[in-house]
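The structure appears below as structure tokens.
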2 protein chains.
Amino acid sequence: MSDRNEYKSNISQQVSKKIGSDIVNGVYQVGQALPTEAEFSTEFNASRTSVREAIKMLSAKGLVSSKPRRGIRVMPEEAWNIFDTDILTWALKGKPSFRVVTEFFQLRVAVEPEAAGLAAQFGLPEQKAAIWDALGRMRDTEDKSEDAMSADLDFHIGILYATRNRFYIHLKDFIRSALNVTIQHTTPAAASYDEVLATHERVVRAIEAGDTQRARMSMRLLIEDAYSLMKEPDVDIEVTAS
Amino acid sequence: MSDRNEYKSNISQQVSKKIGSDIVNGVYQVGQALPTEAEFSTEFNASRTSVREAIKMLSAKGLVSSKPRRGIRVMPEEAWNIFDTDILTWALKGKPSFRVVTEFFQLRVAVEPEAAGLAAQFGLPEQKAAIWDALGRMRDTEDKSEDAMSADLDFHIGILYATRNRFYIHLKDFIRSALNVTIQHTTPAAASYDEVLATHERVVRAIEAGDTQRARMSMRLLIEDAYSLMKEPDVDIEVTAS
DNA sequence: ATATGTATTATTATATTACTAAATGGAGCA
DNA sequence: TGCTCCATTTAGTAATATAATAATACATAT
């Protein structure tokens, strides 16, 4: 402490982010007592108050609980607010297991087809246009490029917005993480990009036409296709965090 | 301050809960500047530090952001971590609009049928038994009673657990809120309870049999039935919070 | 004159320190 | 076994200093 030459803004957020990602990425075991407030304080050379604020933020996300004499403990995973924007982001730092990828797909296959159906029913013209636009940008970019990835994301998120249902819209962070995770597990050039584009186009066409049923079906196919391209868990070495 | 005769544990959590529910229930408008730290401090007669911790918790949930000179502001709804356990609970205090009820159903109809399908595929015997048990308790209770409600909830949550997918499991808070909200909008005795029980039984049977397809279908019917019993938005007076 | 850029200032959150109180787990003892 | 006491660690308060920001006033240039 007392190294006050430069101002570091939002110390509590920085600390929260650091500890939070460590927890999410398994650096600390569930149930384990973390370092005490005082220890964190010296580790990050921040005041204890800042550390406390950081811990409060993590407890608001269900990651930790703290009690006198018991210390700060990692909560069981079930208590984590797993759809929290930050938690989903932090989780991207680690390499996901095949199990996690499967879990993502299992939820996507529930949510996204229905989202496409709702988009077909309730989507506003400009929202549908945004989906078309994203598809256009997918066409204009190289497969597996940064831009293609971003356009793909916009495509899926655009559909969520077109549902005009706030729960679906909020799942955009989930979808973002799902796509990121997927990328890391797809064998390069597993499918022809043209095929992928065609599949996506079928979805937009159905939405455009207001055909709920077809929108659902084509989206379901899209996702099942993507899942089938996943790397099998060849060995899938579970990198256990030391 | 200085009223230290009795100890109130977890002040920051209490304050956070109070301000949080006010925000969620529309007492403070989005974008509006809340009272300052100092003002909250006197309002709740807590120290400014405690208030700060409370605010940090709310900002961790995406409800507020705070900056020097700008004060504490309510974030746009889109930023709220709407699947957060606390936010969902706090939201139950207010009377939901028909729109919200619809939004709940639109997501339920995506998630729960797929969940039933996964439960049929992957559910462990004891997990399936728990679902049966919940159904049994539904049978033993009066329609619309407290216990029936609780058994119904256990039924749906039991299915989530049987998916053995952590994302689905975490949606239990969402489902809990959805069911609560639904109750408030169903006309009493709209359908025969026997019919409801039969619909539920069809779902468990399919899960028990490991019949993915039938599990999905029967759950979809269950939810669509429930939705059809909703009160039409007769007038649906939007009670604007004063 | 109007627009644009630059200080000044007041306000409000941010951060630190030091101290007190309460809760808890465990050790020691009857 | 159950009770008491103790040490530890979080919970809470208070006082103070610092940094970020919005608004205002002022100056400059076009």
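Throughout, protein chains are lettered first and strands after them, A, B, ... in sequence-line order, and every chain is numbered starting at 1.
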## Note on the structure
Correct closest heavy-atom pair for A:P96 and A:V181 would be CG-CG1, 3.8 Å
### Query
Taking only N and O in the side chain of A:S50, is any of them less than 4.0 Å away from OP1 or OP2 of C:dT16?
yes
### Query
Under 6.0 Å from the NZ atom of A:K172, do we count more than 12 heavy atoms belonging to anything else shown?
yes
#### Entry: Gap between atoms CD and P, on A:E53 and C:dT17 respectively (whole Å)
14 Å
### Task
Please tell me which of the listed nucleotides, C:dA13, C:dA15, D:dT9, lies nearest to the side chain of A:T36?
D:dT9
### Task
Taking atom CD of A:E126 as the centre, report whether more than 12 heavy atoms of other residues, nucleotides or ligands fall under 6.0 Å from it.
yes
### Integer-rounded Å distance: C:dA15 C1' and B:I55 CD1
17 Å
### Message
Quick check on the 6.0 Å ring-centre criterion: do B:F174 and A:F83 meet it?
### Response
no
### Task
Take atom CD1 of B:I11 and atom P of D:dT10, then tell me their distance rounded to the nearest Å.
18 Å
### Task
Please report the shortest heavy-atom distance between B:M57 and A:S59, naming the atom on each side.
CE-OG, 4.0 Å
### Summary
Closest non-hydrogen atoms of B:T182 and B:A178, given as atom of the first, atom of the second and distance, are OG1-O, 2.6 Å
### Message
What is the separation between atom CZ on B:R52 and atom P on D:dG12, rounded to the nearest whole Å?
### Response
15 Å
### Query
Side chains of A:D173 and A:T89: do they bring a donor and an acceptor to under 3.5 Å?
no
### Task
Kindly assign one of parallel, tilted or perpendicular to the pair B:F167 and A:F104, based on the angle between their ring planes and the thresholds 30° and 60°.
tilted
#### Entry: Donor-acceptor pair under 3.5 Å, A:T49 side chain vs C:dT17 base
yes
Contacts under 3.5 Å, N or O only, protein and nucleotides 8-11 of chain C:
| unit_1 | atom_1 | unit_2 | atom_2 | d |
| --- | --- | --- | --- | --- |
| C:dA10 | N3 | B:R69 | NH1 | 3.4 |

### Residue list, salt bridge (Lys or Arg N to Asp or Glu O under 4.0 Å) with A:D22, at least two apart or on another chain
A:K18
### Task
Could you check A:K67 against A:Q13 and say which one's nearest nucleotide on DNA chain C is further toward the 5' end?
A:Q13
### Task
Quickly work out the A:N45 CG to C:dA15 C1' distance and round it to whole Å.
13 Å
#### Entry: Positions of residues 70-80 of chain A (non-hydrogen atom under 4.0 Å from DNA chain D), listed by number
A:G71, A:I72
### Query
Counting just side-chain N and O atoms, does A:R48 come under 4.0 Å of either OP1 or OP2 of C:dT17?
no
### Query
Among D:dG12, C:dT14, D:dA11, which nucleotide sits nearest the side chain of B:K56?
C:dT14
### Task
Round to the nearest Å and state the distance from A:E37 atom CD to C:dA23 atom C1'.
14 Å
### side-chain N/O B:S12 vs D:dA11 OP1/OP2, d < 4.0 Å
no
